[in-house]
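To start, the structure under review is shown below, and the notes come after it.
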Amino acid sequence: MNLTITTRLPYAPRVEFVERKGAGHPDTICDDLAERLARRLASEYIANTGAVQHFNVDKAVLAAGSVDIGYGGGMLLTPARLILVGKADFSHGWQPDPEALSKYAEQELFEILPDASPEGFIVEVWLSQSSADLATVVSNRENGMRVPLSNDTSFAAVSLPRSPLEECVHTVETTLNSPDFRSEIPVGRDIKVMGARNEDMCALTVAAPVMARSVANRSEYEEALDAVRSRTLGVAVELLGEGVSVRVNQADADDTPYLTMSGTS
């Protein structure tokens with residue numbers, strides 16, 4: 001393999017924006033569960049056929065449910081539906097069991113959303129037979145090597161290290177989403193953080209859902225937001241210095257607090 005490394009001056013534009021969607025954001029959930037399903041399929045192929053066969057399970061949709069929610073709790077009206085879709089090679093005397101994979105994905109979902117209830121989500125895995133051409137590409141080995149050939153033109157790129165603002169946004173989200181913080185403050189996992197920097201002035205905007213059953217009124221809800229704001233500011237000042245402002249749940253109105261039953265929106 002030919003390796004080429006390029007370098008450039010440190011990333012330091014005058015204006016910078018960074019956004020991070022936390023572990024409980026619907027987009028992140030879909031990406032995470034598709035990745036977990038891929039690892040599961042690869043392991044099952046190795047166990048049952050001796051090698052990883054062709055599959056792709058990178059398509060996912062999380063269709064929102066509905067709730068009647070307010071301070072103190074709520075009632076489920078319609079469950080959310082998560083569907084993982086893809087193709088897999090069925091031609092090696094064994095094929096994946098979509099029902100068993102659906103149960104696996106459901107277990108993984110509730111690991112991501114520990115505050116969710118089983119009746120709140122329907123999880124399905126849909127698989128169909130993969131293309132014979134692609135299956136052959138992956139299953140054929142050259143010169144007896146157990147290395148699959150490429151069947152796509154995908155590539156990945158990464159830039160490191162993180163900028164100070166990137167590091168701050170990442171640390172804020174992981175701090176607010178940590179078990180320690182969530183054991184103290186009743187926030188859900190669908191936390192989103194945006195950072196904006198104009199030269200040396202930085203502003204962080206946080207969206208953090210509050211568990212409806214844990215706050216009895218607006219005052220208790222605001223106490224939770226104050227704790228989010230305080231912890232965010234502490235992290236930001238430590239990483240970026242003074243001159244940082246923090247805003248939390250800017251979409252709130254008097255009658256529309258950001259409450260959640262499951263931890264996600």
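These numbers come from the heavy atoms of this one structure, side chains and all, not from hydrogens, waters or symmetry mates. Because the structure is predicted, anything quoted here is derived from the model rather than measured.
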Short question: side chain of Gln129, backbone of Phe90 - any donor-acceptor pair under 3.5 Å?
-> yes
Quick one: sort the Phe55 and Tyr45 rings into parallel, tilted or perpendicular, breaks at 30° and 60°.
-> parallel
Expected list for residues 23-36: side-chain donor-acceptor pairs under 3.5 angstrom, two or more places apart:
{"residue": "His25", "atom": "ND1", "partner": "Asp27", "partner atom": "N", "Å": "3.0"}
{"residue": "Asp27", "atom": "OD2", "partner": "Lys21", "partner atom": "NZ", "Å": "2.6"}
{"residue": "Thr28", "atom": "OG1", "partner": "Lys21", "partner atom": "O", "Å": "3.2"}
{"residue": "Thr28", "atom": "OG1", "partner": "Gly22", "partner atom": "O", "Å": "3.0"}
{"residue": "Asp32", "atom": "OD1", "partner": "Arg36", "partner atom": "NE", "Å": "2.8"}
{"residue": "Asp32", "atom": "OD2", "partner": "Arg36", "partner atom": "NH2", "Å": "3.3"}
{"residue": "Arg36", "atom": "NH1", "partner": "Glu108", "partner atom": "OE1", "Å": "2.7"}
{"residue": "Arg36", "atom": "NH1", "partner": "Glu111", "partner atom": "OE2", "Å": "3.1"}

Nearest 0.5 Å please: distance from the CZ atom of Arg81 over to the CZ atom of Phe121.
-> 13.0 Å
Is there side-chain contact between Arg40 and Leu101, with at least one heavy-atom pair below 4.5 Å?
-> yes
Distance-only polar pair, side chains of Asn249 and Tyr221, donor-acceptor under 3.5 Å | yes
Without swapping roles, check the side chain of Thr49 against the backbone of Ile46 for a donor-acceptor pair under 3.5 Å.
-> no
Considering all heavy atoms of both residues, which atom of Ile185 and which atom of Ala224 are nearest to each other, and what is their separation?
-> CG2-O, 3.8 Å
Under 3.5 Å, is there a donor-acceptor pair between the Asp89 and Ser130 side chains?
-> no
Atom OG in Ser91, atom NE2 in His54: separation rounded to 0.5 Å?
-> 11.0 Å
Got a donor-acceptor contact below 3.5 angstrom from the Asn56 side chain to the Asp58 backbone?
-> no
Between Glu44 and Asn48, is any side-chain donor less than 3.5 angstrom from a side-chain acceptor?
-> no
Before accepting this row, confirm whether a basic side-chain N of the pair Glu184/Arg231 lies closer than 4.0 Å to the acidic partner's carboxylate O.
-> yes
Can you check whether Thr171's main-chain N or O pairs, donor with acceptor, with Thr174's side chain at less than 3.5 Å?
-> yes
Is a salt bridge present between Arg213 and Asp115, judged by a nitrogen-to-oxygen distance below 4.0 Å?
-> yes
Distance-only polar pair, side chains of Gln250 and Thr205, donor-acceptor under 3.5 Å | no
